[in-house]
Amino acid sequence: MRRSKILYVPFWATYVFLYLPIVVLVVMSFNSGKSAYTYEGFSLKWYGELAADERVQTGVVNTLIVAAGSTAIATVLGTLLAVGLVRHTRSKALDALALMPAVLPDLVLAIGLLLFYGLIQMTLGLYSVMLSHALFSMAFVAAVVRTRLVGADSSLEEASRDLGAGPVSTFVRITLPQLTPGIVAGALLAFTLSLDEFVIAFFTIGNAEPTLPIVIYSMIRFGVTPKINALAAILLLVSFTAVIAGQRLTKIGESRAQD
């Protein structure tokens with residue numbers, strides 16, 4: 001039975017609606033004019049101005065520091081949390097509690113973290129943003145790794161323990177290789193979430209040098225320019241590259257797990 005071609009109309013219309021603004025943004029980033037809405041010719045000058053902008057350079061460095069640190073923390077804690085929830089503590093209440101930071105509105109989480117830091121008299125800075133990002137990213141990592149762990153073969157772990165291996169040795173040699181694809185995917189997700197997160201960083205950074213999303217916010221308050229389009233295009237390229245790299249690493253991890 002042949003499918004009617006009209007059924008593909010909403011499918012392609014959805015893709016056009018999602019990706020056409022991105023295509024327009026990338027094209028306008030190469031605009032030679034100052035207007036963000038009128039294309040006047042091809043030029044790379046806005047990318048050159050970005051490279052010379054000290055605010056953008058500082059924002060990029062701070063964002064990478066926060067994203068790398070929060071990803072490392074979230075990946076370790078999220079993986080351990082997933083193992084604990086699946087292998088040691090079966091509780092729907094604990095599952096819901098562990099995943100709550102992922103579903104809470106960013107504004108609520110940001111205000112709560114700001115009040116908590118004030119309560120413990122913690123000085124705000126990049127490290128407070130890093131811890132904050134690790135908190136909500138950990139829930140996403142745990143969810144991804146948990147899904148992978150549920151489908152893993154637990155009989156290998158049982159055989160390892162029966163043969164005299166301890167819990168740590170079993171985790172490192174048996175469980176961890178099986179979870180590698182999920183850990184890589186969770187780490188990638190945590191990195192991308194931290195890379196462009198604005199609300200929590202805005203509330204918890206204090207008087208420290210801003211991250212890149214905060215820099216973009218300060219720039220866009222005076223109107224959208226091709227310079228902002230160029231910066232957004234670079235972020236898009238970084239995210240795209242991270243996704244491709246994550247897929248490749250995931251395939252490698254799956255192949256090794258099967259071997």
Side-chain angles (χ1 to χ4, degrees), residues 14-15 18-19 22 63-92 94-106 109 129-157 168 170-201 211-213 234-259:
T14 301
Y15 270 90
L18 289 175
Y19 292 103
I22 298 177
T63 296
L64 292 178
I65 291 174
V66 170
S70 63
T71 298
I73 297 172
T75 301
V76 173
L77 296 182
T79 300
L80 296 177
L81 178 61
V83 173
L85 291 173
V86 175
R87 290 288 188 262
H88 302 285
T89 304
R90 301 291 181 88
S91 172
K92 292 183 178 180
L94 289 178
D95 282 348
L97 187 62
L99 300 179
M100 187 174 294
V103 298
L104 281 176
D106 286 351
L109 187 59
V129 179
M130 187 184 300
L131 293 175
S132 302
H133 283 187
L135 174 64
F136 82 92
S137 297
M138 181 177 64
F140 290 94
V141 174
V144 174
V145 176
R146 185 182 186 280
T147 302
R148 177 72 182 178
L149 189 59
V150 169
D153 188 4
S154 60
S155 62
L156 296 176
E157 300 175 28
V168 176
T170 299
F171 176 77
V172 173
R173 296 187 177 186
I174 306 297
T175 307
L176 196 59
Q178 290 181 313
L179 298 181
T180 298
I183 294 174
V184 172
L188 172 65
L189 181 59
F191 183 82
T192 54
L193 286 172
S194 178
L195 196 66
D196 61 359
E197 202 287 320
F198 168 75
V199 176
I200 295 177
T211 58
L212 188 57
I234 293 175
L235 288 175
L236 178 65
L237 177 62
V238 171
S239 299
F240 181 77
T241 303
V243 170
I244 297 299
Q247 289 179 341
R248 296 295 300 174
L249 291 173
T250 299
K251 290 181 180 180
I252 294 174
E254 289 177 346
S255 299
R256 290 180 177 178
Q258 291 175 357
D259 294 341

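Note that this is a predicted model, so its numbers are computed, not measured. We're numbering straight along the sequence, starting at 1. The basis for the numbers below is simple: all heavy atoms, side chains too, and nothing from hydrogens, waters or symmetry mates.
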* Flag side-chain contact, heavy atom, 4.5 Å: V129 against E197 -> no
* Structure fact -> Given the options L189, V184, L149, V144 meets side-chain contact (heavy atoms from CB on, under 4.5 Å) only with L189
* Does any N or O in the side chain of S132 come within less than 3.5 Å of the main-chain N or O of I200, such that one atom is a donor and the other an acceptor? -> no
* Asked: Once you round to the nearest 0.5 Å, how far does OG1 of T192 lie from CG of D196?
  -> 7.0 Å
* Between CZ on residue F136 and CG on residue D106, distance to nearest 0.5 Å -> 6.5 Å
* Kindly write out the residues that satisfy side-chain contact (heavy atoms from CB on, under 4.5 Å) with V76, not counting sequence neighbours, or none if the list is empty. => L80
* Go through the structure and list residues passing side-chain contact (heavy atoms from CB on, under 4.5 Å) with V145, not counting sequence neighbours. => T79, A82, V141, L179, I183
* For A143, check side-chain contact (heavy atoms from CB on, under 4.5 Å) against everything at least two apart and list the hits. => L99
* Asked: Just wondering, do V238 and L195 contact through their side chains at under 4.5 Å, heavy atoms?
  -> yes
* **Where at least one partner belongs to residues 135-147, residue pairs that pass salt bridge (Lys or Arg N to Asp or Glu O under 4.0 Å), sequence neighbours excluded** => D95-R146
* **Taking every non-hydrogen atom, the tightest pair across P101 and L109** => O-CD2, 4.1 Å
Taking distance alone, no hydrogens or angles, what donor-acceptor pairs closer than 3.5 Å link side-chain atoms of residues 66-74 to residues at least two apart or in another chain?
residue, atom, partner, partner atom, Å
S70, OG, V66, O, 2.8
S70, OG, A67, O, 3.2
S70, OG, S194, OG, 3.3
T71, OG1, A67, O, 2.6
T71, OG1, F191, N, 3.4

